[in-house]
S.K.: 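My structure is below; once you've seen it, I'll send some questions.
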Amino acid sequence: MNLTLEALQILDTIDRKGSFGAAAIALDRVPSALTYSIRKLEEDLDVLLFDRTGHRARLTGAGLELLTEGRHLLQAAQELERRVKRTATGWEVELRIVLDSIVPFEALMPLIAAFDRENAGTRLRIFHEALSGVWEALINDRADLAIGAPHDGPDYIRMSGDFQTRHLGTTEWAFAVAPQHPLALAAEPLTANIIQQYRAIAVGDTGRVLPSITSGLLIGQDILTVPTMSAKLQAQLNGLGCGHLPRRTAEPYFLSGALIEKQTLEEKPGVKMKIAWRAPALGKSLKWVIQQLNDPETARHLIQWP
C-alpha cells in the first residue's frame, strides 16, 4: 500500500503548522525528510498534493481531499491505540448494560456520573428490554450486565453456572386509573370480575425465544400492549386502560390527583428484581458497576426512583 499513516501524519502536520519547516520542528524531523516523504507520496499516488508555484506550498484539490479523509483514518488509528492500551490495563473498551423497562434510565445517571470520574475510558452502551427480553439479551451476549431482571430467570441462567445473579430489590405495585376512568368510582376492593371488564395496559415482553412473562393480567381481559413503562404510565394517565404501576412511579400522580389508587381484592405481589452477569466478571468496568450496585443506597435509589 502506497498510503501510510506516517505520510498522512506528515501531511496533517504541514497543514496545521503552515509550513514544512514548522512541521519538521513539531515532528522532530529535518525539513528535507518531510519534503522527500511528500514527493514520494505524490509519485506513488501519481497526483500533485501541493501547489508550489507561490512562496508557500498550498494543498491542491487532491491534497485537500486526501487530508480530509486521511484525518478520519488518523483519528481511527489513535482511537484504536487508546483502546488497545485500555484493554491492556483491564478496563473494557465497551460495557453493555441492559435495563428492564421498570428501571428508568434517569435512575442510572448518578451511577454514570460516578463512573465518569474513574476516567476508565470505557464506552457505556445502555438499552432497555422488557421482562424475558432482559434475560435473552444476557444469554445472547448482547449485554454484559442486566439491571432489574425480573424474577429468578430461566433455568439456563440458574443451572448452567455461566451466570451470576444478585438480588437488587423488590418493586411494590399499586393499581391505578385516571379520574375519568369508569373504575375510578367503582366500589372497593375491586374484584377480578369487575377489573376484567376493562382494558388493561401492559408493557410488551421483548423476548423472542424464552417464554413470555405476564403479570397482573386476567384471562379474557382486553389488553393494550405498549413498548415501555413510560408509555404505560401515559396511557393510564389518559384513561386508556387500567393496571398496576410501580408505586414509586405512580405516587406523585396519586398526590396530584392525576391518577387514583384503587384497592383490589387480590394484590399483585412484589416483583423481585435482579442484577445478572456472565461469570466470571473479568473486566474492571463491570466489576466496578457490580460493586456499586452492592451498595444498599445505590440499589434503593434504582428501585425507588424518582
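Keep in mind that what you see is a predicted model, and the values were worked out from it rather than measured.
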S.K.: How would you list all residue pairs meeting ring pair (Phe, Tyr, Trp, His ring centres under 6.0 Å) that involve residues 210-242, not counting sequence neighbours?
M.R.: none
S.K.: When you compare the side chains of T298 and Q292, does any donor N or O come within less than 3.5 Å of an acceptor on the partner?
M.R.: no
S.K.: Tell me whether Q291 at atom CD has more than 12 heavy atoms from other residues, nucleotides or ligands lying less than 6.0 Å away.
M.R.: no
S.K.: Does E266 CD have over 12 foreign heavy atoms under 6.0 Å away?
M.R.: no
S.K.: Could I get the full list of ring-ring contact (aromatic ring centres under 6.0 Å, His included) partners for F105, not counting sequence neighbours?
M.R.: none
S.K.: Considering residues at least two apart in sequence or located in another chain, which fulfil the ring-ring contact (aromatic ring centres under 6.0 Å, His included) criterion with H301?
M.R.: W305
S.K.: Would you say R58 has more than 12 foreign heavy atoms packed within less than 6.0 Å of its CZ?
M.R.: no
S.K.: Write out all pairs satisfying side chain to side chain donor-acceptor pair (under 3.5 Å) with one or both partners inside residues 229-245, taking only residues at least two apart or from two chains.
M.R.: K232-Q236
S.K.: Just list the side-chain donor-acceptor pairs under 3.5 Å for residues 173-187, sequence neighbours left out, or say none.
M.R.:
from, atom 1, to, atom 2, distance (Å)
H181, ND1, L183, N, 3.0

S.K.: Got a donor-acceptor contact below 3.5 angstrom from the T122 side chain to the V93 backbone?
M.R.: no
S.K.: Checking Y253 now: which residues fulfil ring-ring contact (aromatic ring centres under 6.0 Å, His included) with it, not counting sequence neighbours?
M.R.: none
S.K.: Would you list the pairs meeting ring pair (Phe, Tyr, Trp, His ring centres under 6.0 Å) in which at least one residue belongs to residues 4-33, sequence neighbours left out?
M.R.: F20-F50
S.K.: Look up atom CG in L49 and atom CG in L67, then write down how far apart they are to the nearest 0.5 Å.
M.R.: 10.0 Å
S.K.: Give a yes or no answer on whether the side chain of Q9 reaches the backbone of L74 with a donor-acceptor pair at less than 3.5 Å.
M.R.: no
S.K.: Does D152 pair with R158 as a salt bridge, N-O distance under 4.0 Å?
M.R.: no
S.K.: Would you say E129's side chain and G207's backbone share a donor-acceptor pair under 3.5 angstrom?
M.R.: no
S.K.: Backbone N or O of L48 within a donor-acceptor pair of the T60 side chain at under 3.5 Å?
M.R.: yes
S.K.: Around atom CG of D46, are there more than 12 heavy atoms from other residues, nucleotides or ligands closer than 6.0 Å?
M.R.: no
S.K.: Is K284 paired with E118 through a side-chain N to carboxylate O contact shorter than 4.0 Å?
M.R.: no
S.K.: How would you list, by chain and number, every residue that makes a side-chain contact (heavy atoms from CB on, under 4.5 Å) with A22, sequence neighbours excluded?
M.R.: K17, S19
S.K.: Looking at S285, is its backbone amide N or carbonyl O close enough to the side chain of E92 to form a donor-acceptor pair, meaning the two atoms are under 3.5 Å apart?
M.R.: yes
S.K.: For atom CD of E172, is the number of surrounding heavy atoms from other residues, nucleotides or ligands below 6.0 Å larger than 12?
M.R.: no
S.K.: If you look only at pairs with a residue in residues 94-115, which of them pass as a salt bridge (Lys or Arg N to Asp or Glu O under 4.0 Å), with sequence neighbours excluded?
M.R.: E94-R125, R96-D141, R96-D144
S.K.: Give a yes or no on whether a salt bridge exists between K40 and E43, defined as a side-chain N under 4.0 angstrom from a carboxylate O.
M.R.: no
S.K.: Quick one: list whatever passes salt bridge (Lys or Arg N to Asp or Glu O under 4.0 Å) with E267, sequence neighbours left out.
M.R.: none
S.K.: Could I get the full list of side chain to side chain donor-acceptor pair (under 3.5 Å) partners for R166, not counting sequence neighbours?
M.R.: N294
S.K.: Hey, is OH on Y36 packed in by over 12 heavy atoms from elsewhere, all under 6.0 Å?
M.R.: no
S.K.: Determine which pairs satisfy ring pair (Phe, Tyr, Trp, His ring centres under 6.0 Å) with at least one residue from residues 257-278, sequence neighbours left out, and list them in order.
M.R.: none
